[in-house]
There are 2 protein chains.
Amino acid sequence: MTRERILLAGLALVDEAGLDAVSMRKLARRLGVDPMSLYNHVDGKDALLDGIAEILLAAIPTPPPEADLRGTMSSLAHGFRAAMLDHPRAAPLVLTRRLASMTALAPVEAVLGPLLAAGFPPERAVHGLRAVLAFLTGTLMREVEAAPTFGGSARRLADLSASGLPAVAAAAPYLAVCDHEAEFEFGLRIMLDALGEP
Amino acid sequence: MTRERILLAGLALVDEAGLDAVSMRKLARRLGVDPMSLYNHVDGKDALLDGIAEILLAAIPTPPPEADLRGTMSSLAHGFRAAMLDHPRAAPLVLTRRLASMTALAPVEAVLGPLLAAGFPPERAVHGLRAVLAFLTGTLMREVEAAPTFGGSARRLADLSASGLPAVAAAAPYLAVCDHEAEFEFGLRIMLDALGEP
DNA sequence: ACCTGAACACCGTTCAAGT
DNA sequence: ACCTGAACACCGTTCAAGT
């Protein structure tokens, strides 16, 4: 019984059964242990979920140091996306909770470092980081089925056409499908373009 | 006992006690009724939460018809934000669930209508809608304390300076505070600029 | 048609007892 | 130091019974 083993079993449980299905009791059952034993290594359910979120965050690779600024930013964004898509059912833990630990600060350092090194004033660097992060959070939440598509892939083409709303009906074929990858690249380009030069 | 009365009481409960505190039993207690009575008007807890989300969505005002395209888009975005900030603790219900009802489609119509009228091809209109929506979702989640700030307002300036991460420490004064309104306007301008002309 | 309450199968967590 | 299990105060929802 170690914290590590508990967190990994927790992640596996989320992957298999979804976030709603996670309970201390079920996790203990999976580990063949009394539910209360978990509390010796993890500070309650919330801390367990934070710990699982940190596993996802820690999987973001550091970009190659020889890349230029735009390449670095883009590779961090893609690494973030890949880490979330590796565990789509756990991703909302990262996208939805405020993590307090150092692990959560590492990606910030990875973004801010190159921006400052390139000559961005700290205030603008933080501003840019926040705008990009808002977009990433939003698209990934949608991609991972945790955010509204507002008439997105879940809905039937026929329903949209028959909605009685003229613009919705006219755009129905495009509302009914969503190429997440294309949406991601499209939005990321906008954000990185907007970042500009120092 | 009507569905309407139940949903409004549910929203009031969320406003006062937060999402985690909502339970069918507590809501029934607040209404002076047996928990099971609620099931005669609402299809279970999930439907209750969907219904509350729809109350927020319905509060977005229709933009004045004489506005130009950019004005219309901007006013819808601001209306969306205002509706969420009116009920910050309930906002994650809108930002985080996929609503299936017609109410959820009305805002889509409100955005798509002007875009198509201005001559945008449907595919590009949907593309633009999705990018803007991703950004809105992300910023509002953060604003409403449901999304990561990654070293944002929750964290102490001193912690950031002492983190041992050089870029984080250098930008600490800006990471420690977040002007949500300014971030919102900054990002919205980027997205609306990127939308371009038909 | 609507309300009721007992019952079922769950929760997270505290606490006292064990090794 | 770690594990255990009984206990407490909750959940959402089913179902049979009432009016």
Side-chain angles (χ1 to χ4, degrees), chain A residues 1-56 87 89-90 92-94 96-101 145-146, chain B residues 1-56 87 89-90 92-94 96-101 145-146:
Chain A
M1 257 317 79
T2 64
R3 182 182 145 87
E4 168 105 25
R5 199 159 98 75
I6 292 172
L7 295 181
L8 287 174
L11 176 55
L13 182 54
V14 178
D15 283 343
E16 283 166 29
L19 268 180
D20 289 348
V22 176
S23 77
M24 298 299 275
R25 292 164 118 111
K26 251 187 280 212
L27 182 53
R29 213 144 46 213
R30 163 187 280 259
L31 288 163
V33 114
D34 185 277
M36 282 308 106
S37 300
L38 303 180
Y39 287 78
N40 288 306
H41 304 95
V42 163
D43 214 27
K45 192 182 182 182
D46 252 32
L48 171 78
L49 297 177
D50 283 348
I52 296 175
E54 279 167 21
I55 295 179
L56 298 212
H87 299 278
R89 309 183 89 169
L93 294 176
V94 175
T96 257
R97 330 189 107 228
R98 295 166 173 280
L99 302 174
S101 79
E145 320 240 288
Chain B
M1 258 318 79
T2 64
R3 182 182 146 87
E4 169 108 25
R5 199 158 99 75
I6 292 173
L7 294 182
L8 287 173
L11 176 55
L13 181 55
V14 178
D15 283 342
E16 283 166 30
L19 268 180
D20 289 348
V22 176
S23 77
M24 298 299 275
R25 292 163 117 112
K26 251 188 278 213
L27 182 54
R29 213 145 46 215
R30 162 188 281 259
L31 288 164
V33 113
D34 185 277
M36 281 310 106
S37 301
L38 302 180
Y39 287 79
N40 287 306
H41 304 94
V42 163
D43 215 25
K45 192 182 182 183
D46 252 33
L48 170 79
L49 297 177
D50 282 349
I52 297 175
E54 280 168 20
I55 296 179
L56 298 212
H87 299 278
R89 309 182 89 169
L93 293 176
V94 175
T96 256
R97 330 189 105 227
R98 296 166 172 277
L99 301 174
S101 79
E145 320 238 290

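These values consider heavy atoms only, across backbone and side chains, with no hydrogens, waters or symmetry-generated copies.
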Above 12 or not: heavy atoms from other molecules or residues under 6.0 Å from CG of D43(B)?
->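 Open.
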Do other residues, nucleotides or ligands put more than 12 heavy atoms under 6.0 Å from N40(B) CG?
->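 Counting neighbours around CG of N40(B), more than 12 heavy atoms of other residues, nucleotides or ligands fall under 6.0 Å, so yes.
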Where are the stems of DNA chain D, defined as at least 3 consecutive Watson-Crick or wobble G-U pairs with both distances under 3.5 Å?
->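 If one scans DNA chain D for consecutive Watson-Crick or G-U pairs, the stems found are C:4-8 with D:12-16, C:12-16 with D:4-8.
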Sugar-phosphate or base contact per nucleotide [nucleotides 3-9 of chain C; S, B, -; heavy atom under 4.0 Å] | BBB-B--
Below 4.0 angstrom from OP1 or OP2 of dT13(D), is there any side-chain N or O of Y39(B)?
->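 Yes, within the criterion.
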Please check the phosphate of dC11(D) (OP1 and OP2 only) for any side-chain N or O of K26(B) closer than 4.0 Å.
->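 Answer is yes, contact under 4.0 Å.
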Whole Å only: how far is the [atom1] atom of [X] from the [atom2] atom of [N]?
| X | N | atom1 | atom2 | result |
| --- | --- | --- | --- | --- |
| D20(B) | dT13(C) | CG | P | 12 Å |
| M24(B) | dC11(D) | CE | C1' | 11 Å |
| L31(A) | dC2(D) | CG | P | 16 Å |
| R29(B) | dC10(D) | CZ | P | 7 Å |

pair [X]-[Y]: side-chain heavy atoms closer than 4.5 Å:
| X | Y | value |
| --- | --- | --- |
| M1(B) | R5(B) | yes |
| L7(A) | I55(A) | yes |
| P92(A) | L19(A) | yes |

Could you tell me the separation between the CD atom of E54(A) and the CZ atom of R97(A), rounded to the nearest 0.5 Å?
->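 Nearest 0.5 Å value for the CD-CZ distance: 10.5 Å.
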Between atom CG of D34(B) and atom CG of L31(B), what is the distance when rounded to the nearest 0.5 Å?
->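 Rounded to the nearest 0.5 Å, the CG-CG separation comes out at 12.0 Å.
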Rounding to the closest angstrom, what is the interatomic distance between dA9(D) and dA9(C) at atom P?
->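 That atom pair is separated by 22 Å.
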Only one of I52(B), V33(B), L48(B) clears side chain to side chain contact (heavy atoms under 4.5 Å, CB included) with I6(B); which?
->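 It is L48(B), the one option of I52(B), V33(B), L48(B) that forms the side chain to side chain contact (heavy atoms under 4.5 Å, CB included) with I6(B).
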